[in-house]
Chemist: 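Once you've had a glance at the structure underneath, I'll fire off some questions.
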Amino acid sequence: MVKRKPVIIDCDPGHDDAIALLLAFASDKLDVKAVTTVAGNQTIDKTFNNALKVLSFAGINTVVSKGAAKPLVRDLITAPEVHGESGLDGPILPPPTLKPSDKTAVETIIGILKESDEKITFIPTGPLTNVATVLLSEPEVKNKIERIVLMGGSMIGGNWTPAAEFNIVVDPEAASIVFNSGIPITMCGLDVTHKAQIYKEEIEKIRNIGNKVGVMVAELLDFYSKFYERFGFKGSPLHDPVAVAYVIDSTLVKSKMCHVDIETKGEFTDGCTVVDYYNITQKSKNVEVVLDIDRERFINMLYEALKKYN
Ligand code: RIB
Ligand code: CA
């Protein structure tokens, strides 16, 4: 019996966050200790409620906590053009049955880290506000974090500005704190997630799995793919599930250790993850930058996971 890896997922559901949650909870390799939510794709009330709705719909019972309503110092940016006004447009989901935690996201994370007798792997799939706040308020819990495997950033090009990816540019100050924390970091940025696209015929396979979760995921992707079609993508990038898939089976990807800095002052480059691929600065290689993925194996991992639901 392989021991499950204890993880905390911090997310801003969000279509791809929702699919990442379903992938994580279906895995016999992970022990998800809690789901914490952050403002990003939509406001915190919406991302929190969306997490509760998706987990309830899938029959998942876990701790769900509400986190930061805005970045550390900046105003919130949301992405209704990608995820809709609800943050999870597409399927009609019933009201949540899962009881939310009475603790905040930061209280939940710090509590789990302090109580755990083993290190926890952190999987942030939204802006890094909650993670940075944990590190600022309880620095000693750093040594209880095994690794931070985040979806965010990019070595080449952004998706919110020409230079910056959404999760990082929403809260660059938080990202800078996390990337400079000394904690082992794996960055699943656009370089790999734009290769982790799901195509129409694969969405139909999911729709026809034969359970309600498969239908719901297909309806999420029906809505989500509209945004990417407008930008000429053949498929829809499953950004956040890549971070979860890495923790389940890192042989899916190819990566390189690089020094990464976060731009927090650039007129045109604010929120850019500056990846020193050729080690020009000779600075410490603080980040495992994921650059490629076996797309077919990844999609199959998701398909097999979704088959486990009712
Ligand atoms: O840039 C993609 C990321 O921003 C994903 O995490 C998506 O959910 C949004 O949060
Ligand atoms: Ca997200």
Side-chain angles (χ1 to χ4, degrees), residues 8-24 35-44 46-51 54-55 64 67-68 70-71 76-84 86-90 105 122-131 148-172 174-175 178 186-198 217 220-221 223-228 230-231 233 235-247 262 270-273 289-290 293 302:
I8 295 174
I9 299 175
D10 186 72
C11 55
D12 61 337
H15 292 66
D16 53 330
D17 302 76
I19 297 169
L21 290 173
L22 295 168
L23 177 60
V35 172
T36 54
T37 54
V38 66
N41 284 325
Q42 261 298 349
T43 60
I44 186 60
K46 292 179 179 178
T47 59
F48 179 54
N49 197 36
N50 289 339
V54 168
L55 294 166
V64 185
K70 69 173 290 299
L76 178 62
I77 308 170
T78 57
E81 47 276 81
V82 184
H83 301 278
S86 74
L88 212 57
D89 281 20
F122 223 116
I123 310 178
T125 62
L128 294 166
T129 316
N130 290 337
V131 185
I148 296 174
V149 183
L150 61 93
M151 191 280 139
S154 65
M155 184 165 76
I156 300 169
N159 65 355
W160 200 256
T161 74
E165 179 278 327
F166 181 78
N167 287 341
I168 305 298
V169 75
V170 169
D171 198 343
V178 172
T186 298
M187 177 181 116
C188 302
L190 300 179
D191 317 286
V192 61
T193 65
H194 278 170
K195 296 174 183 172
Q197 296 185 30
I198 189 165
V217 167
L220 282 174
L221 291 168
F223 179 89
Y224 180 69
S225 56
K226 290 191 185 98
F227 174 81
Y228 285 99
R230 287 204 298 274
F231 284 85
F233 279 68
S236 303
L238 295 178
H239 302 288
D240 297 334
V242 170
V244 169
Y246 171 96
V247 181
I262 308 294
D270 218 13
C272 176
T273 45
V289 179
V290 182
I293 190 165
L302 175 61

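Whatever order the structure lists ligands and atoms in, that order sets their numbers, starting from 1. Position 1 is the first residue of the sequence, and the numbers go up from there.
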Chemist: Look at the side chain of Thr273 and the backbone N and O of Ser154, then say whether any donor-acceptor pair between them is shorter than 3.5 Å.
Modeler: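 Looks like yes, one N/O pair under 3.5 Å.
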Chemist: Is the side chain of Asp171 donor-acceptor paired with the backbone N or O of Pro127 at a distance under 3.5 Å, no angle test?
Modeler: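 No, Asp171 side chain to Pro127 backbone: no donor-acceptor pair under 3.5 Å.
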Chemist: Verify whether one side chain among Ser86 and Asp89 offers a donor that lies under 3.5 Å from an acceptor in the other.
Modeler: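 Side chains of Ser86 and Asp89: pair found under 3.5 Å.
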Chemist: Judged on heavy-atom distance to atom 1 (O) of ligand 1, which of His83, Glu165, His239 sits nearest?
Modeler: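 It is Glu165 whose heavy atom sits nearest to atom 1 (O) of ligand 1.
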Chemist: Using a strict cut-off of 4.0 Å, indicate which atoms of ligand 1 neighbour a heavy atom of Asp17.
Modeler: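 Answer, ordered by atom number: 8 (O).
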Chemist: Checking side chain to side chain donor-acceptor pair (under 3.5 Å) for the pair Asp10/Thr36: CA distance, chi angles, key distance, verdict?
Modeler: CA-CA 5 Å; Asp10 186 72; Thr36 54; 2.5 Å; yes
Chemist: Which of the atoms in ligand 1, numbered in the order shown and given with their element, are less than 4.0 Å from a heavy-atom of Asn41?
Modeler: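 Every atom of ligand 1 under 4.0 Å from some heavy atom of Asn41: 7 (C), 8 (O), 9 (C), 10 (O).
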Chemist: What residue and atom, counting heavy atoms only, is the protein's closest point to atom 8 (O) of ligand 1, and at what distance?
Modeler: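 Checking every protein heavy atom, the shortest distance to atom 8 (O) of ligand 1 gives Asp16 OD1, 2.6 Å.
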Chemist: Tell me if a side-chain donor or acceptor on Asp17 pairs with a main-chain N or O of Asp240 at a distance below 3.5 Å.
Modeler: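 Not at all, since once roles are kept as given, no pair shorter than 3.5 Å links the two residues.
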Chemist: Checking the side chain of Thr78 only, and the main-chain atoms of Pro80 only, is there a donor and an acceptor separated by less than 3.5 Å?
Modeler: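 No; zero donor-acceptor contacts below 3.5 Å.
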Chemist: Would you tell me which option among Asn167, Val170, Ile168 has the nearest heavy-atom contact to atom 10 (O) of ligand 1?
Modeler: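 Comparing heavy atoms across Asn167, Val170, Ile168, the nearest one to atom 10 (O) of ligand 1 lies in Asn167.
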Chemist: Ignoring waters, how many protein N/O/S atoms are under 3.0 Å from the Ca ion (ligand 2)?
Modeler: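 Number of qualifying protein atoms: 5.
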Chemist: Can you tell me if Asn41 uses its side chain to pair, donor with acceptor, with the backbone of Gly87 under 3.5 Å?
Modeler: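 Judged by distance alone, no pair lies under 3.5 Å.
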Chemist: Give the atoms of ligand 1, by number and element, whose distance to some non-hydrogen atom of Met151 is under 4.0 Å.
Modeler: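 The list of qualifying atoms is 2 (C), 3 (C), 5 (C), 6 (O).
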Chemist: Which of these, Val38, Ile168, Ile262, Val170, sits in a side-chain contact (heavy atoms from CB on, under 4.5 Å) with Leu128?
Modeler: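 With Leu128 as partner, Val38, Ile168, Ile262, Val170 yield a single side-chain contact (heavy atoms from CB on, under 4.5 Å), made by Ile168.
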Chemist: For His15, does its backbone N or O pair with a side-chain atom of His83 as donor and acceptor, under 3.5 Å?
Modeler: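 Looks like yes, one N/O pair under 3.5 Å.
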Chemist: What part of Asn159 sits under 4.0 Å from ligand 1 if we count only heavy atoms: the side chain, the backbone, both or neither?
Modeler: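 Contact part for Asn159 vs ligand 1: side chain (C-beta onward).
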Chemist: Identify the closest protein heavy atom to atom 6 (O) of ligand 1: which residue and atom is it, and at what distance?
Modeler: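 Heavy-atom neighbour on the protein nearest atom 6 (O) of ligand 1: Asp240 OD1, 2.6 Å.
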Chemist: Do the rings of Tyr228 and His194 sit parallel, tilted or perpendicular, given the 30° and 60° boundaries?
Modeler: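 If you compare the ring of Tyr228 with that of His194, the planes turn out perpendicular.
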